[in-house]
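First the structure, in the form of structure tokens, and then the observations on it.
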Amino acid sequence: MKSLAAKSTGRLRIVAGKWRGRWIDVPEAAARGCVRPVTTRVREAIFSALGRERIETSQGLDLFAGSGSSGLEALSRGAQHVTFVEQDGETCACLKRNISLLSAESSCCVLQQDALAYVLHAGDAKYDLIFVDPPYALRLSEDFWQRLSGFFQIEGLAVVRCHKQFPPHLPDGYTTVWQRCYGDMLVLFVCMKR
């Protein structure tokens, strides 16, 4: 049986908050292009745009979590709890090690599960901050976005990363409130129209 030890190919630094300057591992899957960790520069820009008030005491969801850099950055900056969803076994082991390195187990839940299946079957979970970072080759369906819309708290926001040539086709009900390009990556903040 193949070992699911937490293998890594590099490290990322937590930008700000209680774990500022601490390092987390990048999973081995990044070397194969299966995981795209959010660089320090881009994470800093994203979280500056989000603002402290949106992050503090939030309930977060990190879909396609990879190393967990987005969710862990949110926890470092005051988020109350983050649910991480990651399907790949080795990547999930690396994520769990990162959580352990930061002694963050009490404020996390890690689900080794397909993110699409989680959204389609998770029930009535509600989140203030949702990170959606699928592989570039994966085109999320309208059904995915419709189901995800039920996960938003009243003031909830999703941070979506995708290839700039393939922005998501969001169904009616969503609005984009912020967007920036970083190289070939497009970052969008989307929420539900109220």
Side-chain angles (χ1 to χ4, degrees), residues 14-20 38 42-87 92 95-96 98-99 102 104-134 138-162 167-180 185-194:
I14 300 291
V15 177
K18 64 185 175 184
W19 299 319
R20 180 181 179 186
V38 185
V42 173
R43 253 182 306 116
E44 187 167 19
I46 290 170
F47 279 87
S48 291
L50 284 171
R52 184 174 52 103
E53 284 130 18
R54 181 170 294 281
I55 300 165
E56 287 182 345
T57 71
S58 64
Q59 296 289 325
L61 173 63
D62 193 347
L63 296 171
F64 311 95
S67 66
S69 62
S70 294
L72 291 171
E73 187 74 43
L75 287 169
S76 181
R77 293 172 184 248
Q80 188 172 24
H81 188 273
V82 174
T83 298
F84 296 89
V85 182
E86 172 56 51
Q87 182 175 19
C92 202
L95 167 59
K96 288 177 180 177
N98 286 336
I99 290 167
L102 298 171
E105 294 90 345
S106 64
S107 53
C108 298
C109 173
V110 178
L111 303 174
Q112 186 178 340
Q113 183 178 356
D114 176 69
L116 302 174
Y118 178 79
V119 169
L120 296 177
H121 305 291
D124 59 358
K126 298 287 185 189
Y127 302 98
D128 304 292
L129 194 54
I130 303 171
F131 298 97
V132 183
D133 186 14
L138 181 62
R139 304 291 178 260
L140 298 174
S141 69
E142 187 170 325
D143 188 40
F144 169 87
W145 291 109
Q146 287 175 340
R147 297 290 182 98
L148 188 69
S149 69
F151 284 51
F152 286 84
Q153 291 282 19
I154 290 172
E155 298 293 326
L157 184 80
V159 177
V160 182
R161 281 202 313 151
C162 58
H169 295 289
L170 300 171
D172 289 342
Y174 280 91
T175 187
T176 299
V177 295
W178 184 90
Q179 66 180 44
R180 296 288 186 281
M185 177 177 43
L186 174 64
V187 180
L188 305 165
F189 293 177
V190 301
C191 63
M192 300 308 298
K193 295 175 185 174
R194 300 293 173 202

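Quantities reported herein were computed from a predicted structural model and do not represent experimental measurements.
- Other residues, nucleotides and ligands place no more than 12 heavy atoms under 6.0 Å from the CD atom of Glu155.
- Residues Leu63 and Tyr118 meet the side-chain proximity criterion, which asks for heavy atoms closer than 4.5 Å.
- By the neighbour-count criterion of 12 heavy atoms within 6.0 Å, atom CZ of Arg52 is sparsely surrounded, having that number or fewer from other residues, nucleotides or ligands.
- Looking at heavy atoms from C-beta onward, Leu129 lies out of side-chain contact with Leu61 at the 4.5 angstrom threshold.
- Judged as a ring pair (Phe, Tyr, Trp, His ring centres under 6.0 Å), and not counting sequence neighbours, Phe144 has no contacts.
- In this structure, the side chains of Ser76 and Arg20 stay at 4.5 Å or more apart for every pair of heavy atoms.
- Within the 4.5 Å cutoff, the side chain of Phe47 has heavy atoms near those of the Arg77 side chain.
- Listed for the Gln179 side chain is no donor-acceptor partner under 3.5 Å among the backbone atoms of Phe189.
- Looking at Ser107, its side chain does come within 3.5 Å of a backbone N or O of Ala104 through a donor-acceptor pair.
- Using modelled atom types and a 3.5 Å distance limit, the side chains of Glu86 and Gln112 yield no donor-acceptor pair.
- Rounding to the nearest 0.5 Å places CG of Asp62 at 5.5 Å from OG of Ser70.
- Residues Phe152 and Ile130 meet the side-chain proximity criterion, which asks for heavy atoms closer than 4.5 Å.
- Contact check for Leu148 versus Val132: side-chain heavy atoms found under the 4.5 Å cut-off.
- Summarising the geometry, atom OH belonging to Tyr127 is positioned 8.5 Å from atom CD belonging to Gln59; distances are rounded to the nearest 0.5 Å.
- Between Asp128 atom CG and His81 atom NE2 the span is 12.5 Å, to the nearest 0.5 Å.
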Dump the intermediate steps for side chain to side chain contact (heavy atoms under 4.5 Å, CB included) on Trp19 and Leu75, then the final yes or no. CA-CA 9 Å; Trp19 299 319; Leu75 287 169; 3.7 Å; yes
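- Residues Cys108 and Phe84 meet the side-chain proximity criterion, which asks for heavy atoms closer than 4.5 Å.
- Between atom OG of residue Ser141 and atom CG of residue Leu116 there is a gap of 7.0 Å, rounded to the nearest 0.5 Å.
- In this structure the side chain of Leu140 reaches within 4.5 angstrom of the side chain of Trp145, judged on heavy atoms.
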Report the C-alpha separation of Asn98 and Leu72 in whole Å, then their side-chain angles, then the decisive distance to 0.1 Å, and conclude whether the side chain to side chain contact (heavy atoms under 4.5 Å, CB included) test is met. CA-CA 9 Å; Asn98 286 336; Leu72 291 171; 3.9 Å; yes
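- Distance alone, capped at 3.5 Å, is enough to place a donor-acceptor pair between the Arg43 side chain and the Val38 backbone.
- A distance-only check finds a donor-acceptor pair linking the side chain of Lys126 to the backbone of Gly150 [under 3.5 Å].
- In this structure, Ser58 OG and Gln153 CD are separated by 10.0 Å, a value rounded to the nearest 0.5 Å.
- The backbone N or O of Asp133 sits nowhere less than 3.5 Å from a side-chain atom of Arg161 that would complete a donor-acceptor pair.
- The structure places CG of Leu157 at 6.0 Å from CG of Leu50, a figure rounded to the nearest 0.5 Å.
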